[in-house]
There are 2 protein chains.
Amino acid sequence: MTQGFEDRIRNVALRSRVMTAAEAAELIKDGMVVGMSGFTRSGEAKAVPLALAERARTTPIKITLMTGASLGNDLDKILAEAHVTARRIPFQSDPGLRRMINAGEVMFIDQHLSETVEQLRTQQLPLPDVAVIEAIAITEDGGIIPSTSVGNSASFALLAKKVIIEININQPLGLEGLHDIYIPTYRPNRMPIPIVTPESRVGLPHIPLPPERIAAIVVTEKVDSTATINPPDAETRAIAGHLIGFFEREVTRGHLDHRLAPLQAGIGTVANAVLHGLIDSPFHDLKMYSEVLQDSTFDLMDAGKMTFASGSSITLSAAKYVDVLSRLETFRPRLILRPQEISNHPEVVRRLGLIAINTALEFDIYGNVNSTHIAGTNMMNGIGGSGDFARNAYLSVFVTKSTAKGGVISSVVPMVSHVDHTEHDVDVLVTETGIADLRGLAPRERAPLIIRNCVHPAYRDALMDYFTRAKARGGHTPHVLEEALSWHIRLCDTGRMS
Amino acid sequence: MTQGFEDRIRNVALRSRVMTAAEAAELIKDGMVVGMSGFTRSGEAKAVPLALAERARTTPIKITLMTGASLGNDLDKILAEAHVTARRIPFQSDPGLRRMINAGEVMFIDQHLSETVEQLRTQQLPLPDVAVIEAIAITEDGGIIPSTSVGNSASFALLAKKVIIEININQPLGLEGLHDIYIPTYRPNRMPIPIVTPESRVGLPHIPLPPERIAAIVVTEKVDSTATINPPDAETRAIAGHLIGFFEREVTRGHLDHRLAPLQAGIGTVANAVLHGLIDSPFHDLKMYSEVLQDSTFDLMDAGKMTFASGSSITLSAAKYVDVLSRLETFRPRLILRPQEISNHPEVVRRLGLIAINTALEFDIYGNVNSTHIAGTNMMNGIGGSGDFARNAYLSVFVTKSTAKGGVISSVVPMVSHVDHTEHDVDVLVTETGIADLRGLAPRERAPLIIRNCVHPAYRDALMDYFTRAKARGGHTPHVLEEALSWHIRLCDTGRMS
């Protein structure tokens, strides 16, 4: 038992349910569906999954593992390689698990992140037998206070037959009060979600769980993994510059003012760099309504540029992690962490009118975006929340460098090898070479704009040649079908597209 | 001037603005953006567009034409062939216009039907210079009472610089009271849309337009085009049977009760046949929250199976048109016509938890759906509302016959040649050969299910062979890229896929 215990388990009766991770893990049996906390490597359950992997060394066990999104601390790798993870829902980003998914050894159900608990609630997915949720504390009434992410934890806890709580004493109690737990009412009597600004608080600061539903409590100490965010480079700076220039023109045209609109940004280096670019921009009083709050969110707050941020998790670099957790008192009034169903909810995204900035793996000359599949076949991470945001945003932006792997891959291709976001959901494309504003344009108008503005010079002529020959054949979205995927086929055969 | 005039233009001062269609059409100048009423060939402005086409014989004029959806009375053909339509937004279904779109002569912007006015309101699309709206009457305050569709008429009228009203004296006054005009408030102060059941009335029975905004009134007599719905055949009956059997199993599993959930059905023969199939089913007290109300809606009401229907238009066969319009008193308490932004709104669709039934042009072995493009290149009609519904529905169903053109085309292919609905948005696929419930399945699990249940026997072995060879190469969504589009290439080359 570890120090700080009383602050953390305030319901005295529940203290008797503290046990080791190995004991708690015994509640999980072969074939079960397990819902675990964790979203973009934050706030995941840490001890019970390790105990499960340990147990699998001697006693094979396979589960369906549902989470919020990706897990930290190599847990997705450890669970997959221990052959514990038979099915995985709804997102992952681990190289080890990815390898097994692409080998067909793990069945991966790649979902819009707002939809998983909607499907659970209606029993379109099997309900979790056990939920394992990291918390900073349990209230006197049994309410669970999540840690650095909310993800799907609230619905998992409420829908599971048994709940295991991991009390992480190294997640600061200062996180208390940050969370806003709102669960939509059941159909056919569902009411509107009352969020009308990023600041709207509409729920409870904890997951309201009857104490008798808590089957086990495990005390843990391991901290979240930190994020490795590459610093901005010339290309990501250029992407940020193009997008900020576009925003400035939109202000000049009277479409936006200098507060822009609530921002959403996907995880990763490019989106983070774009947000960083706003620090030295004329924009101010910015707000976020996003899923992951990264370094840039807090840097924008420190720079006096951002007044409020709503998300479902906080995922930071090592240095920023220490800094932010030490100043939680400062940030707390300007932050809310919500269930991912709510942070990503189509209803709220459409109502607030977001500017959504997400990363494309590749896009084609007509503006269709592939976010997930390399050469149409191999899964990278998953669609995540990008579809929740891109479909419903006021302005849907996709960013990427124009080439990958040192230039041998063009991020702009004749036809994407897999579609996650159709041309209907893509307003603006940005690479380091420029920006294409596709709004109100037909496919035949988009192609020359995209090719001219967003394609690396090394691939520009070849794409224009493709488009010219396709156009000669006719069609609303002209293609030379026998060449449409030839760039990807060449990549598979030779390791390069050119 | 035609009889019935006083009933129809109740604001006395406005009667002085009555003029001929040719005179009213003079308000429309070359290069203008024109928003016209009309949704699935119902309630379109009829006289002014004809006058415009007539004028174009001597004085060329080009416009951007926005509507709700498709126009009736061959107007899309007439306007396109008169070279009046330079740009067309957001949907069409006319063979003549389609030919010109595919030839690159008309720029077509194919949009989710809920999004057009959202983009107008934020000036992401150019605002209409002129709106031309069919109405059954104008109230004393200048309020416009639409006819058989609402579509985008309300926002077009409110946002246009000038408004022309076509008072159609052959659209019955009995339609009055059917409409519910609600316009979302402007961001950043937008409130929830207060619709919580299909029956919710949340707006006004007319478009509230200040009388001075009405620049011209034209009195017309031409009726709506009627729909040609092929009667159910063995295949559409089999599709309906599979889907109804599935619903029955869902009831047995406790996922639905016999009232099902509010239904949405796309336009056309197959979806209509599926709804007809519900007449002889154990389901009752059904409701619709859809965009188009077709014959089947009224047949279900007459059969005592459906208690309420909300849509954006009424599109009927010739016989049903006469029948329904003669019994409007009976149907009116059970009907609402809404703006398409609201009938299709993601917020409402998700809240109500619809069963959405839409038609696929083709789908692939992993469940991606093409609704629009023949062989990836030639536009058929447009995505329409299918994306609004499929993405946000409780249950997203796509139906199609397993083959087309007498069997030479398989509706199931290795890889769709264009994606309108990604695998993330497709729950259930149905053809006359069977049904595939894809919920909770990974791509490698979906493929054998789809091939076994939904593919015509003539193509089954070839698709299973493709999948087997693709799987041997590996990947989350296995493909043999150099063969992925070979079925479409063969179709283009030889006129058949086999």
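As the structure is a computational prediction, the values presented were derived from the model and not from experiment. Residue numbers start from 1 in every chain, and the chains themselves are labelled A, B, ... in the order their sequence lines are given, proteins ahead of strands.
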Do you know which of [options] has the most heavy-atom pairs with chain B at a distance under 4.5 angstrom?
options: Gly474(A), Gly353(A), Cys492(A), Ser486(A); result: Gly353(A)
options: Gln123(A), Arg391(A), Glu482(A), His255(A); result: Arg391(A)
options: Asn378(A), Thr372(A), Ile489(A); result: Ile489(A)
options: Asp425(A), Asp427(A), Thr64(A); result: Asp425(A)
options: Met415(A), Arg350(A), Gln119(A); result: Arg350(A)
options: His424(A), Arg87(A), Glu250(A); result: His424(A)

Let me know if [X] has heavy atoms under 4.5 Å from chain B in its side chain, its backbone, both or neither.
X: Arg187(A); answer: side chain
X: Ala375(A); answer: both
X: Leu125(A); answer: side chain
X: Leu441(A); answer: both
X: His488(A); answer: both

Interface residues of residues 109-118 of chain B facing chain A - non-hydrogen atoms under 4.5 Å apart: Ile109(B), Asp110(B), Gln111(B), His112(B), Ser114(B), Glu115(B), Glu118(B)

Steps toward side chain to side chain donor-acceptor pair (under 3.5 Å) verdict (Asn392(A), Arg351(A)): CA-CA 9 Å; Asn392(A) 297 293; Arg351(A) 182 179 302 143; over 6 Å; no

Pairs of heavy atoms under 4.5 Å with chain A: top-ranked of [options]:
options: Thr422(B), Thr477(B), Thr197(B); value: Thr477(B)
options: Met191(B), Glu445(B), Met379(B), Arg98(B); value: Glu445(B)
options: Pro478(B), Ala442(B), Ala470(B); value: Ala442(B)
options: Pro90(B), Gly104(B), Pro443(B); value: Gly104(B)
options: His345(B), Lys471(B), Glu423(B); value: His345(B)

Test salt bridge (charged side-chain N to carboxylate O under 4.0 Å, His left out) on Arg473(A) and Glu483(A); report intermediate values, then the result. CA-CA 13 Å; Arg473(A) 291 194 182 188; Glu483(A) 286 182 37; over 6 Å; no

Chain A contact via Asn189(B) - which portion, at a heavy-atom distance below 4.5 Å: neither

Portion of Arg444(B) that has a non-hydrogen atom of chain A nearer than 4.5 angstrom: side chain

Take atom CZ of Arg259(A) as the centre, draw a 6.0 Å sphere, and report whether it contains more than 12 heavy atoms from other residues, nucleotides or ligands. no

Side chain to side chain contact (heavy atoms under 4.5 Å, CB included) assessment of Met107(A) paired with Arg88(A): CA-CA 6 Å; Met107(A) 293 293 104; Arg88(A) 184 73 178 85; over 6 Å; no

Minimum heavy-atom separation for [X] and [Y], please, with both atom names.
X: Pro414(A); Y: Ala484(A); answer: CB-O, 3.7 Å
X: Tyr289(A); Y: Ile342(A); answer: OH-O, 2.8 Å
X: Ala80(A); Y: Leu97(A); answer: CB-CD1, 3.7 Å
X: Val426(B); Y: Gly367(B); answer: CG2-O, 3.3 Å
X: Val480(A); Y: Tyr466(A); answer: N-OH, 3.0 Å

Side chain to side chain contact (heavy atoms under 4.5 Å, CB included) between His479(A) and His418(B), intermediate numbers included: CA-CA 10 Å; His479(A) 272 299; His418(B) 180 91; over 6 Å; no

Tell me, please, which residues at least two apart from Asp437(B) pass salt bridge (Lys or Arg N to Asp or Glu O under 4.0 Å). Arg439(B)

Any Ile374(A) side-chain heavy atom under 4.5 Å of Leu361(A) side chain: yes

Does the plane of the ring in Phe467(B) sit parallel, tilted or perpendicular to the ring in Tyr366(B)? Use 30° and 60° as the thresholds. perpendicular

Starting from the C-alpha separation in whole Å, work towards a yes-or-no answer on salt bridge (charged side-chain N to carboxylate O under 4.0 Å, His left out) for Arg121(B) and Glu341(B). CA-CA 12 Å; Arg121(B) 200 178 286 131; Glu341(B) 180 182 18; 2.7 Å; yes

Modelled atom types, side-chain donor and acceptor of Ser371(A) and His421(A), under 3.5 Å: yes

